[in-house]
*Asks:* 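This is the structure I have questions about; it appears just below.
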Amino acid sequence: MLDIQNVTKSYRAYQALRGVTLQAHSGEVFGLLGPNGAGKTTLLRILATLLEPTSGTAVVGGHDIHHDPEGVRRAVGVVNGGMGLPARLTGREVLRSFATLYGLTRAQADARITELDDRLELGRTLDVRAGEYSTGMKQKVVIARAVIHDPPVLILDEAASGLDIFARRTLLDFVHATRAPGRLTVYSTHVMSEVEEVCDRVAILHEGQLLNVSSIPDVLARTGASSLERAFFALVRPDAVRPEASHAR
Amino acid sequence: MPAERPSRRGGLRPGMVWQIAARDLLTTLRDRRTLSATILMPLILIPLFTLGLPLLMGNLIGGQQQARQQLGVVGTLPDGLRRALTTDEKLPDGTVTRAGVELVPVTDPVRAVQDGTVEAALQAAGPLPARAGDGTGTLRLYAKLGNLRAQTGAYSKVQDVVQQYNRQLTTARLKNLGLGADTLEPVRIQPVDASSAQEQRSGQLAFLIPMLMMQFILAGALATALDATAGEKERGTLESLLVAPVRRAEVVTGKLIATATTALTSAAFSVMGFLLSGLIMRAYQARQPGGVATFTQAMGGQLTLSAGGVITLLGVAATTALLISSLIILIGIYARTFKEAQTYVAPINLLVVLPAVMLQFADFLKTGPALYAAPLIGGMLAILDTVKGGGEPAHAALAMLVNLAGTLLFSLLALRSFSREEVIFRN
């Protein structure tokens, strides 16, 4: 469902992505792990057709980002930590407006909103203006907006940042529930525990380069680490990692 | 900047454009500050400017005529002149149209005026004529000549009275010589106003109409455009819009329609403000049936438009709203935040205000086609022509065409900005 081939991205002299190639499949929750500045957001914006790669290509949900960007945008739903809502519109108005942009009729939109209300526990949030939302309420509506058209590919970029424990749990449960045939969720974060909990496979990105793509048990086995965090450090800074045994002592 | 992908292009889908516009309009409509700036302010400020200020000035100046000021006198004045200065001027029904002054003896006229003891002072440089054939004399009149209150009060009354006194003595002298009063004025000028009825009605303050309309178009456009561009960026809602299957051209067009609609609404309410002024004026005139024309003129005129005039006014206002909206959207999208955008657009105010203020000297302009081809200025002149009932339809059409051409140019530049990564993700 996702095929990225040798994607690079440069901003003048700065190379944000250096030949990234990876594939993710139907039924997966695919983790994208990396520190701040690793190139995660740039890569996800390229997949959402917001940015143009300097070279390389990608096919998302069966649509080529160069030749069918509108098809890509119909196939994906995107949530990132910086996304907001128009403060003077209610959650229901926002969702209806986006449903129309995705070609849903009013009846289809309302049925989908009811379904998302159950899954994300939107409740009274739907009829309150977004300016009055807490961070958790806002993020729930942002997620609902991203999936209003029931996209086969869901891209979550630091979607849990700033959420309290309850909102974060709702989000992670929602991500778990997206694991289904014909669907792919790309979950980007720098929080290891989130990846460990929800992702089937993980790609580790550092300074624009892909260091590893494998399942979590495989990456642990490859690095000989006991946790994903240690495995991450072993891949990113192999010289700086102390042996686990000496650390244990 | 990478070239825009071919597949991102394509025609405009009206449904998509309307969705973008409706979303921005709904957001604007729910903002109380915007509503007050676009609806309430024109309804309050325009009657205030067109009625309140002239009325206030009229009352202040008229009040000076009714008040009895103190006039300092050094020495003595001829009895006839003293009587003329102190006597009230009245209508046959007894209404005082100009009160006389109270004469106060002073020794130092300059000091008396400066310390405010009297509003003006008189000093005869020598003996003054008391009857026809007495020769001539000089009367020094002391007043603060830069002071409007003094000029419209005692100073003005003394000048009027002395003029009448001179005429009285001259007429008497001419009569003694067997000559009529019109000997001094063998040819008289009788002014006839050749302006059209609408020009006469529009008054001296007609230039206020395009000025205020432009101001409110700008205020209305700013309210929506900045929120729909820099505001969306700042809130993080623009990115969510751009990942939807909507074309950039549809986003720009939708935002342009929303912005121009708010600007036009504001302009429409400014016209309503003028109509409200007219209604208030009529009600006032109904209570004062005498001197209607004088009153209307003093109030800055009134807005009366033919059907063609209304269409021209609407056409120029609509195209100007589009021009200003597209310019602000173009500027707004560059800004990272709403506040930054406000800084960028501040000079636009000058672009509107300065030519609008210059409109009061529009009678001195040679209004050839070139002037109507100047963006904004041409529109303002066309509105002024319409209000005054003159102007060439071709001039108004040219101003509208220039506005539309400008809108197209700014919209294309805005579209280019909406397609540039470094603009959209500048923050």
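Hydrogens, waters and symmetry mates are skipped; everything else that's a heavy atom, side chains included, is used. Numbered from 1 within each chain, the chains take letters A, B, ... in sequence-line order.
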*Asks:* With no hydrogens and no angle check, is any side-chain donor or acceptor of B/E421 less than 3.5 Å from a backbone partner on A/E52?
*Replies:* yes
*Asks:* Under a 4.5 Å cutoff for heavy-atom pairs, which residue among B/L242, B/D31, B/L26, B/I20 has the most contacts with chain A?
*Replies:* B/D31
*Asks:* Need one label for B/L241: side chain, backbone, both or neither, based on atoms under 4.5 Å from any heavy atom in chain A.
*Replies:* both
*Asks:* Show, in sequence, the C-alpha distance, side-chain angles and deciding distance for B/I424 and A/L50, and conclude whether the side-chain contact (heavy atoms from CB on, under 4.5 Å) test is met.
*Replies:* CA-CA 9 Å; B/I424 296 300; A/L50 288 168; 5.9 Å; no
*Asks:* To the nearest 0.5 angstrom, please state how far the OG1 atom of B/T237 sits from the CZ atom of A/R145.
*Replies:*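 Between atom OG1 of B/T237 and atom CZ of A/R145 there are 7.5 Å.
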*Asks:* Which residue out of A/S97, A/A48, A/G77, A/A146 racks up the most heavy-atom pairs below 4.5 Å with chain B?
*Replies:* A/S97
*Asks:* Just give me the residue among A/V142, A/L85, A/V94 that pairs up with chain B most often, heavy atom to heavy atom, under 4.5 Å.
*Replies:* A/L85
*Asks:* Does B/L354, at its CG atom, have more than 12 non-hydrogen atoms belonging to other residues, nucleotides or ligands within less than 6.0 Å?
*Replies:* yes
*Asks:* Can you name the residues of residues 99-107 of chain A that have some heavy atom under 4.5 Å away from a heavy atom in chain B?
*Replies:*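 Against chain B, the residues of residues 99-107 of chain A that fall inside the cut-off (heavy atoms, under 4.5 Å) are A/T100, A/L101, A/Y102.
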*Asks:* Measure across B/A244 and A/F98 and return the closest heavy-atom pair with its distance rounded to 0.1 Å.
*Replies:* CB-CE2, 4.3 Å
*Asks:* State, yes or no, whether a side-chain contact exists between B/T27 and A/L89 at a heavy-atom distance under 4.5 Å.
*Replies:*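 When only atoms from C-beta onward are counted, A/L89 and B/T27 do touch, with a gap below 4.5 Å.
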*Asks:* Could you measure the distance from the CG atom of B/L29 to the CZ atom of A/R88? Nearest 0.5 Å is fine.
*Replies:* 10.0 Å
*Asks:* If you measure from the Lys or Arg side-chain nitrogens to the Asp or Glu carboxylate oxygens, is any gap between A/E93 and B/R23 under 4.0 Å?
*Replies:*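 Salt bridge between A/E93 and B/R23, a charged N being under 4.0 Å from a carboxylate O: no.
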*Asks:* As an exercise: rank B/E239, B/R235, B/E250 by heavy-atom pairs under 4.5 Å with chain A and give me the winner.
*Replies:*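 Among the listed options, the one with the most contacts to chain A is B/E239.
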*Asks:* Between A/Y11 and B/E422, does the side-chain contact (heavy atoms from CB on, under 4.5 Å) criterion hold? Intermediate values first, please.
*Replies:* CA-CA 9 Å; A/Y11 298 105; B/E422 62 269 38; over 6 Å; no
*Asks:* If you draw a 6.0 Å radius around CE in B/M41, do more than 12 non-hydrogen atoms from other residues or ligands fall strictly inside?
*Replies:*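 No, not enclosed.
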*Asks:* Hey, are A/E70 and B/R13 close enough for a salt bridge, meaning a charged N less than 4.0 Å from a carboxylate O?
*Replies:*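 So A/E70 pairs with B/R13 through a salt bridge.
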*Asks:* Would you name the heavy atoms of A/R73 and B/V246 that are closest together and state the gap between them?
*Replies:*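 Scanning both residues completely, I find the closest heavy atoms to be NH2-O, 3.5 Å.
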